Visitor: 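The structure's right below; bear with me while I get my questions together.
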Amino acid sequence: MKYLWIVATVASLVGANACHAQDGVDKARTAAFDGQMFGSPLSQKTYACFVRRYDANHLARHPKQKVSAMKLLVTAEDVPEDKTVNYSFRLGFKYRHRAGNFDSSGYCNHIVAENTGGEIRLGCSIDCEGGGIEVAMKDDRRRVGQFSKAGIELAACGNTMKAQNVALEDLLPGFIAADRGGVVRIAELQSQGYLYLRP
């Protein structure tokens with residue numbers, strides 16, 4: 001699976017949100033949403049994966065919360081013969097007091113959420129009429145700017161950018177390009193006394 005630079009996402013249950021679906025959605029805005037969601041231009045099959053694990057402190061502060069972890073995989077698949085892109089999702093989760101892994105899946109379309117000023121989202125329906133979710137991108141440009149002001153360097157691998165046809169202007173403001181590659185930049189920083197921490 002490809003690792004993408006995505007700062008944050010918010011997934012919320014579909015409720016009474018007023019919205020209209022794909023047909024009336026501006027193509028430039030959906031392309032911008034896809035760029036933010038997937039971190040690069042779409043290829044034949046493109047993925048975005050989000051994981052949220054709630055730590056013991058969070059769960060202690062929210063005793064009624066039932067879910068302890070969630071994973072969301074969003075897929076965009078270009079279908080040239082149909083001249084369309086098909087979007088789908090798979091949502092996995094663990095309950096706090098129940099053993100086992102649970103998941104659900106379905107298909108998505110771009111929607112315009114009218115109660116949020118016309119924000120573009122993915123509206124996803126769970127198979128067999130099981131409800132759905134909306135996936136919205138959180139605009140974290142300010143947070144990236146705060147990282148830069150705090151002296152944190154946000155470097156994107158120049159080799160990956162070239163392979164994915166991504167320009168520096170396509171990334172959030174504050175990023176720089178590690179032109180000789182991410183591995184070389186990590187080695188340079190380690191030679192200066194920095195430590196490499198793996199999540």
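All values reported here derive from a predicted model rather than from experimental measurement.
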Visitor: Quick one: pull up CZ in R96 and NZ in K94 and give me the separation to the nearest 0.5 Å.
Guide: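 Here the interatomic distance stands at 15.0 Å.
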Visitor: For the residue pair N159 and G181, what are the closest heavy atoms and their distance?
Guide: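 Where N159 meets G181 most closely, the heavy atoms are ND2-CA, 3.5 Å.
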Visitor: Any chance you could measure L168, atom CG, to I176, atom CD1, to the nearest 0.5 Å?
Guide: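 Taking CG in L168 and CD1 in I176, the distance rounds to 8.5 Å.
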Visitor: With side chain to side chain contact (heavy atoms under 4.5 Å, CB included) as the test, would you mind laying out the steps for I111 and E134 before giving the verdict?
Guide: CA-CA 9 Å; I111 60 172; E134 288 181 11; 3.9 Å; yes
Visitor: Please name all residues satisfying side chain to side chain contact (heavy atoms under 4.5 Å, CB included) with A60, sequence neighbours left out, ordered by chain then number.
Guide: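 Listed in chain order: nothing, the list is empty.
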Visitor: Of Y87, Y47, F89, which meets side-chain contact (heavy atoms from CB on, under 4.5 Å) against T75?
Guide: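 Exactly one candidate clears the test, Y47.
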Visitor: Run the side-chain donor-acceptor check on residues 52-59: report pairs under 3.5 Å with partners two or more places apart or on a different chain.
Guide:
unit_1 : atom_1 : unit_2 : atom_2 : d
D55    : OD1    : N57    : N      : 3.3
D55    : OD1    : H58    : N      : 2.7
H58    : NE2    : Q65    : OE1    : 2.8

Visitor: Closest heavy-atom contact between A155 and A178?
Guide: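 Closest approach of A155 to A178: CB-CB, 4.4 Å.
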Visitor: When the side chains of residues 98-105 are checked against the rest of the protein, which donor-acceptor pairs come out under 3.5 Å, sequence neighbours left out?
Guide:
unit_1 : atom_1 : unit_2 : atom_2 : d
D103   : OD1    : R90    : NH2    : 3.2
D103   : OD2    : R90    : NH2    : 3.4

Visitor: Look at the side-chain heavy atoms of Ile, Leu, Val, Met, Phe, Trp and Tyr, link any pair under 4.5 Å apart, and say whether I126 and F50 land in one connected group.
Guide: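 Hydrophobic grouping puts I126 with F50.
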Visitor: Please tell me if the side chains of D78 and K45 come closer than 4.5 Å, counting only heavy atoms from C-beta onward.
Guide: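 No, their side chains stay 4.5 Å or more apart.
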Visitor: Check side chain to side chain contact (heavy atoms under 4.5 Å, CB included) between S125 and all other residues, then give those that pass, not counting sequence neighbours.
Guide: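 Listed in chain order: nothing, the list is empty.
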Visitor: Any chance you could measure N165, atom CG, to S43, atom OG, to the nearest 0.5 Å?
Guide: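 Nearest 0.5 Å value for the CG-OG distance: 11.5 Å.
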Visitor: For residues F93 and Y95, establish whether the separation of their ring centroids is below 6.0 Å.
Guide: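 Judged by ring-centre distance (under 6.0 Å), F93 and Y95 do meet the cut-off.
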Visitor: Are V85 and M37 connected, step by step, through hydrophobic side chains (Ile, Leu, Val, Met, Phe, Trp, Tyr) whose heavy atoms are closer than 4.5 Å?
Guide: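 Hydrophobic grouping puts V85 with M37.
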Visitor: Is it true that, when you exclude Q44 itself, more than 12 heavy atoms of the residues, nucleotides or ligands shown sit nearer than 6.0 Å to its CD?
Guide: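 Result for CD/Q44: open.
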Visitor: Does some side-chain heavy atom of L122 sit less than 4.5 Å from a side-chain heavy atom of N109?
Guide: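 When only atoms from C-beta onward are counted, L122 and N109 do not touch, as no gap falls below 4.5 Å.
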Visitor: Roughly how far apart are D179 CG and K162 NZ, rounded to 0.5 Å?
Guide: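 So the gap between those two atoms works out to 11.0 Å.
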Visitor: Only pairs at least two apart or in different chains count here, so list each ring-ring contact (aromatic ring centres under 6.0 Å, His included) that has a residue in residues 64-84.
Guide: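 Qualifying pairs, neighbours excluded: none.
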Visitor: Closest approach of V166 and G39, non-hydrogen atoms and distance?
Guide: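 For V166 versus G39, the nearest heavy atoms are CG2-O, 4.3 Å.
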Visitor: Please determine whether residues V74 and L42 belong to a single hydrophobic cluster, defined as Ile, Leu, Val, Met, Phe, Trp and Tyr linked transitively by side-chain heavy-atom distances below 4.5 Å.
Guide: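 Yes, one cluster joins them.
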Visitor: For F33, enumerate each residue passing the ring pair (Phe, Tyr, Trp, His ring centres under 6.0 Å) test, keeping only those at least two apart in sequence or located in another chain.
Guide: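 For F33 the ring pair (Phe, Tyr, Trp, His ring centres under 6.0 Å) partners, ignoring immediate neighbours, are H110.
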Visitor: Write down the atom of M161, the atom of A177, and the distance for their closest heavy-atom approach.
Guide: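 Reported closest heavy-atom pair: SD-CB, 4.1 Å.
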Visitor: If I compare all heavy atoms of C124 with all of V135, which pair ends up nearest, and what's the gap?
Guide: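 Distance-wise, the nearest heavy atoms are SG-CG2, 4.4 Å.
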Visitor: For the pair L72 and I133, evaluate side chain to side chain contact (heavy atoms under 4.5 Å, CB included) and give the outcome as yes or no after the intermediate values.
Guide: CA-CA 11 Å; L72 174 65; I133 63 170; 4.0 Å; yes
